[in-house]
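Below: one structure, written as structure tokens.
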Amino acid sequence: MMPLRRFQIHQPKTVKEAAEMLSHYGEKGRLYAGGTELLLAMKHDLLRYEHLVDVKTVPGLDEIEIGNASLHIGTTVTHRAIEQSVPVREKFPVLAEMANHVANVRVRSTGTLGGNLCFAEPHSDPATLLLALQAHVHVQGRSGERTLGMEELIVGAYETTLATDELLIGIDIPRIAKSQRAAYLKFQTHERPTLGLALVLDVDGNGRSITKARAAVGSVSPKPCRSDQADALLAGPRDKVEKQLDDAAKVLADAADPVDDLEGSAEYKRHLIGVYLRRAFVKALA
Ligand SMILES: Cc1cc2nc3c(=O)[nH]c(=O)nc-3n(C[C@H](O)[C@H](O)[C@H](O)COP(=O)(O)OP(=O)(O)OC[C@H]3O[C@@H](n4cnc5c(N)ncnc54)[C@H](O)[C@@H]3O)c2cc1C
């Protein structure tokens, strides 16, 4: 590892000030949160910035709030804080459980949810689950604020739709209804997930029928992915859906279009999607 090149850290006190700094420094500057990705890439000389804008000095972005309709997570909330939050554990157990399995405790204690999403590293657990949970992110730049769905934020490997002066300020996740069951499973042999699979099912009162389904698969290709066609195959009477799981997995795998990489071949990942969709289905309905 190379010694870090010299850089300056700036400490904005408001989101507007941070946006102005990002605009001012342009390609020489970058937003910095926990630094678990950014500083590592800079130490390896893969990224070079002369100015880092520390988003953690902006008050109020590290809060978790549960409202009537949704859960709000500020961008600088760490994975560890999500994992340990009592309201999250009570109302969004699937999210707390997912956070509990991100990286190791050192990375979880420093790495933020916003940093994870904005780095758009393809092997992200939260991005996959948040896609299935229909989360929205709030983004603010010099000219104002906008709200994006997960599909609109992450568009490729290490690629988001954020403009140079924009920062992610928070994430909203709709409340999980009493009729909904959610599961997130991941398969991992190295440092980061080989596959993450999230499934949210709306079930009728006795659980014999699935009225609506939303599945997402991540880490197998550049960005998390879902498919309306797969979701349609996952809805209907439970025994019928059970017979359609292989077809749904095939459709989801076609949509994700897995890639060959050090985690495994595309064919192997397609197989994993089938195995993990079935497991997630059983887990969600357990
Ligand atoms: C050893 C290791 C294992 C890991 N394992 C997993 C794993 O199993 N699952 C998983 O999902 N992840 C894993 N990760 C990734 C980890 O989740 C991220 O490193 C972490 O969440 C990034 O957050 P950060 O605050 O450190 O981001 P930083 O490193 O500070 O920033 C990352 C990038 O995001 C940008 N950024 C940060 N905040 C914002 C913002 N608010 N608005 C706009 N841009 C922003 C920065 O400019 C930078 O480009 C692992 C990482 C490591 C190092």
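As the structure lists them, so they are numbered: ligands from 1, and atoms in each ligand from 1. Numbering starts at 1 and runs along the sequence shown. Note that these values count all heavy atoms, side chains included, but never hydrogens, waters or copies made by symmetry.
Near Leu38, meaning under 4.0 Å from one of its heavy atoms, ligand 1 places the atoms 29 (O). Taking a cut-off of under 4.0 Å to the non-hydrogen atoms of Glu191, the atoms of ligand 1 that pass are 1 (C), 3 (C), 5 (N), 8 (O). Taking a cut-off of under 4.0 Å to the non-hydrogen atoms of Pro126, the atoms of ligand 1 that pass are 11 (O). Close approach of ligand 1 to Gly34 is summarised as follows: ligand atoms under 4.0 Å from at least one heavy atom of the residue are 24 (P), 25 (O), 26 (O), 30 (O). Atom numbering of ligand 1 starts at 1 in the shown order; those under 4.0 Å from a heavy atom of Gly111 are 20 (C), 21 (O), 23 (O), 24 (P), 25 (O), 26 (O). Proximity to Leu162 (heavy-atom distance under 4.0 Å) selects the following atoms of ligand 1: 43 (C). For ligand 1, the atoms closer than 4.0 angstrom to any heavy atom of His79 are 17 (O), 20 (C), 21 (O). Under a 4.0 Å criterion applied to the non-hydrogen atoms of Cys118, ligand 1 contributes the atoms 34 (O), 35 (C), 36 (N), 39 (C), 40 (C), 42 (N), 43 (C), 44 (N), 45 (C).
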Between His136 and Asp172, is the side-chain hydrogen bond (donor to acceptor under 3.5 Å, both in side chains) condition met? List the steps.
CA-CA 5 Å; His136 281 83; Asp172 273 349; over 6 Å; no
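Salt-bridge formation is detected for the pair Lys186/Asp125: a Lys NZ or Arg NE/NH1/NH2 atom is positioned less than 4.0 Å from an Asp or Glu carboxylate oxygen. Between Asp254 and Arg270 there is a salt bridge, since at least one side-chain N of the basic residue sits less than 4.0 Å from a carboxylate O of the acidic one.
At a heavy-atom distance under 4.0 Å, no atom of Glu121 approaches ligand 1. With a heavy-atom cut-off of 4.0 Å, Leu61 does not touch ligand 1 at all. If you look at Thr75 next to ligand 1, the close heavy atoms, those under 4.0 Å, all belong to the side chain. Only the side chain of Lys186 comes within contact range of ligand 1, with a heavy atom under 4.0 Å; no backbone atom does.
Remark: the Asp257 side chain and the Ser221 side chain contain no N/O donor-acceptor pair separated by less than 3.5 Å. No hydrogens or angles considered: nothing links the side chains of Thr57 and Gln11 as a donor-acceptor pair under 3.5 Å. For the residue pair Thr147/His138, the side-chain donor-acceptor check at 3.5 Å is satisfied.
Proximity annotation for atom 33 (C) of ligand 1: of Phe119, Tyr158, Tyr49, Phe119 comes nearest, heavy atoms only. Of the candidates Ala103, Pro122, Ala41, Ala103 brings a heavy atom nearest to atom 6 (C) of ligand 1. One option in Leu39, Thr112, Thr36 has a heavy atom closer to atom 25 (O) of ligand 1 than any other, and that option is Thr112.
Remark: distances from the non-hydrogen atoms of Arg108 to ligand 1 are all 4.0 Å or more.
Residues passing the ring-ring contact (aromatic ring centres under 6.0 Å, His included) test with His51, sequence neighbours excluded: His10, Tyr25.
Here Val259 sits alone; no ILVMFWY side chain lies under 4.5 Å from its own, so it joins no hydrophobic cluster.
In this structure, the side chain of His101 engages the main chain of Glu97 through a donor-acceptor pair within 3.5 Å. Using a distance-only test at 3.5 Å, with no hydrogens or angles considered, no donor-acceptor pair links the side chain of Asp62 to the main chain of Lys56. Between the Ser70 side chain and the Ile66 main chain, no donor and acceptor come within less than 3.5 Å of each other. Without hydrogens or angle criteria, Arg142 side chain to Ala19 main chain gives no donor-acceptor distance under 3.5 Å.
Of all protein heavy atoms, the one lying nearest to atom 9 (N) of ligand 1 is Asp125 OD2, 2.7 Å. Nearest protein neighbour of atom 46 (C) of ligand 1, counting heavy atoms only, is Leu31 O, 3.0 Å. Protein heavy atom in closest approach to atom 51 (C) of ligand 1: Arg192 NH2, 3.2 Å. Scanning all protein heavy atoms for the shortest distance to atom 15 (C) of ligand 1 gives Glu37 OE2, 3.2 Å. Scanning all protein heavy atoms for the shortest distance to atom 27 (O) of ligand 1 gives Gly115 CA, 3.5 Å. Remark: minimum distance from atom 42 (N) of ligand 1 to any protein heavy atom is reached at Leu168 N, 2.9 Å. Looking only at protein heavy atoms, the nearest one to atom 28 (P) of ligand 1 is Gly35 N, 3.4 Å. With hydrogens left out, the protein atom closest to atom 13 (C) of ligand 1 is Val102 CG1, 4.1 Å, a heavy atom.
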